[in-house]
Enquirer: 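Below are the structure tokens for one structure; questions will follow.
Residue numbers start from 1 in every chain, and the chains themselves are labelled A, B, ... in the order their sequence lines are given, proteins ahead of strands.
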Number of protein chains: 2
Amino acid sequence: MSIATSEVTNRRDPGRTRQRLLMAGFEEVYRSGFQGCDLNAILGKAGVTKGALYHHFDSKDALGHAILEDVVAKITDDKWLTPLRESDTPLDTLITIIEGTFTDDEHAAGGCPLNNLAQEMSRVEEGFRARTAALFTTWIDTVADALTRAQAQGSLRPEVDARAQAQFVVAAYEGYMSIAKSLQSGAVLEAGVRQLVSHLNSLRPEPQNG
Amino acid sequence: MSIATSEVTNRRDPGRTRQRLLMAGFEEVYRSGFQGCDLNAILGKAGVTKGALYHHFDSKDALGHAILEDVVAKITDDKWLTPLRESDTPLDTLITIIEGTFTDDEHAAGGCPLNNLAQEMSRVEEGFRARTAALFTTWIDTVADALTRAQAQGSLRPEVDARAQAQFVVAAYEGYMSIAKSLQSGAVLEAGVRQLVSHLNSLRPEPQNG
DNA sequence: ATTGACATACCAACCGGTATGTATGTTTAT
DNA sequence: ATAAACATACATACCGGTTGGTATGTCAAT
């Protein structure tokens, strides 16, 4: 075996090339939407050519699908799903996640990458719709699990419908993201965070006296 | 003045032509998004030619702007703003409006026309962003006014922040619309309606005993 | 007769996709 | 061990259909 088998910057590195295409594609799609973005702009940003793109992906649509499955899925995984699954105090963790939302105008104007693609593409191409739907479903399911676990440990009222509340949290969160994007207003996001946190705290059991 | 000045189907009817372009444009944009829709498809649906289109509008963007200002604005006006402004029982009217949401899968899969355009175009072209933002703002303002009036007449707790609650109602409503669109699920919309109505009812004052 | 309100025909550029060439690994037969 | 044979991973150049937009002609109303 030679000294450096794979760590040195090989000119041939399919994994790296694919990753660069995904990242560049994500950024361009985030800027201009999927239908509005230009493949050549993606290629320029990724520093590869069209041959490389069409070696790794069958079509522009296929690249979009991969962006959803790899990049967007990882974002929600890192920010929401993994912390919730690993948490011993799910309700507190959920609140911490929501409070961790970036509320500057810049981020607000960008919107939620998942929702951006979902709203633009759901009616246009079924592959996008199915994948965004799957991501939303997993997201809601994971929040619902967290709320159910919170109930089991007594930090959430037993009579609340965990699944309905999970759906509500995700919907309201995305709704605030949507409004804030159009208004380019971090303040709207801040208000949304406060509203959601306040709502979640209202679902805690009454402190028992005596 | 001649017998029939304008009521008979004149071959030359600029108002009607413009309206047909707006309606056809709205439908195509609702189907495929703004960037994805085809001008020729709009022309075919409207039954006019490209000359007519570019006589009434300077560009595709200008048509999109007019769709927002005329068609989309009228939809929210008819469904939300006018009923709220004319109501003597604003909280009940607000609830009735929300409960009037069509919750079949078909409507759910379409999403909210305003939000569709807002999410797709806000970062792409400032004219769209400004117009969707104006519509969202008017919407929220009108709900806030209704809630304030509800407070004045004692049907809403005095300590609630009417503006924050208005923002919340619109955001949550749009959020449910977004999720329901991706999931193609009228059931999600139904759940959202119930959740929102329940929330609004929780803001009513406690019934006074004695 | 002049202006508004269209229709027809056409253009030019963009852009997704392809055809083809080539350099770089990987396997296989000897 | 080594070279042939093959597969993978790109690069380059180009195509052609789509599509927003325009130039020009025509008809109707005042």
Enquirer: Check every atom of C:dC6, D:dC10, C:dC15 against the side chain of B:Pro14 and return the nucleotide holding the closest atom.
Expert: C:dC6
Enquirer: For C:dG17, take OP1 and OP2 only and decide whether either is under 4.0 Å from a side-chain N or O of A:Ser59.
Expert: no
Enquirer: What is the distance, rounded to the nearest whole Å, between atom CD of B:Gln19 and atom P of C:dA5?
Expert: 15 Å
Enquirer: Could you check how far CZ of B:Arg16 sits from C1' of C:dA5, rounded to whole Å?
Expert: 15 Å
Enquirer: I want to check a possible cation-pi pair here: B:Arg123 against B:Phe128, using under 6.0 Å from ring centre and within 45° of the ring axis as the test.
Expert: no
Enquirer: Tell me the interatomic distance from A:Lys60, atom NZ, to C:dC14, atom P, rounded to whole angstroms.
Expert: 15 Å
Enquirer: Quick one: B:Leu53 CG to D:dG21 P, roughly how many Å, whole number?
Expert: 9 Å
Enquirer: Between A:Phe57 and A:His65, is the ring centroid distance below 6.0 Å?
Expert: no
Enquirer: Counting only side-chain nitrogens and oxygens, does B:Thr17 get under 4.0 Å of the OP1 or OP2 atom of C:dA5?
Expert: no
Enquirer: Write down the distance between OH (B:Tyr54) and P (C:dA9), rounded to a whole number of angstrom.
Expert: 19 Å
Enquirer: Does a side-chain N-to-carboxylate-O contact under 4.0 Å join A:Asp92 and A:Arg204?
Expert: yes
Enquirer: Among C:dC6, D:dC10, C:dG16, which nucleotide has an atom closest to any side-chain atom of A:Ala52?
Expert: D:dC10
Enquirer: Between B:Leu39 (CG) and D:dG17 (P), how many Å, whole number?
Expert: 21 Å
Enquirer: Counting side-chain heavy atoms from CB outward, which of C:dC15, C:dA7, C:dC6 is closest to B:Thr49?
Expert: C:dA7
Enquirer: Measure the distance from NE2 on B:His55 to P on D:dG25 and round it to the nearest whole Å.
Expert: 19 Å
Enquirer: Just the rounded figure in Å: distance from C1' of C:dA5 to CZ of B:Phe57.
Expert: 14 Å
Enquirer: With no angle test and no hydrogens, is the base of D:dG20 tied to the side chain of B:Lys50 by a donor-acceptor pair under 3.5 Å?
Expert: yes
Enquirer: In terms of the nearest nucleotide of DNA chain C, which residue is placed more toward the 5' end: A:Asp61 or B:Arg18?
Expert: B:Arg18
Enquirer: Do A:Phe168 and B:Phe168 have ring centres separated by under 6.0 Å?
Expert: yes
Enquirer: For B:Asp88, is there an ion pair with B:Arg149 - N to carboxylate O distance below 4.0 angstrom?
Expert: no
Enquirer: So, OP1 or OP2 of D:dT8: does either fall under 4.0 Å of a side-chain N or O from A:His56?
Expert: no
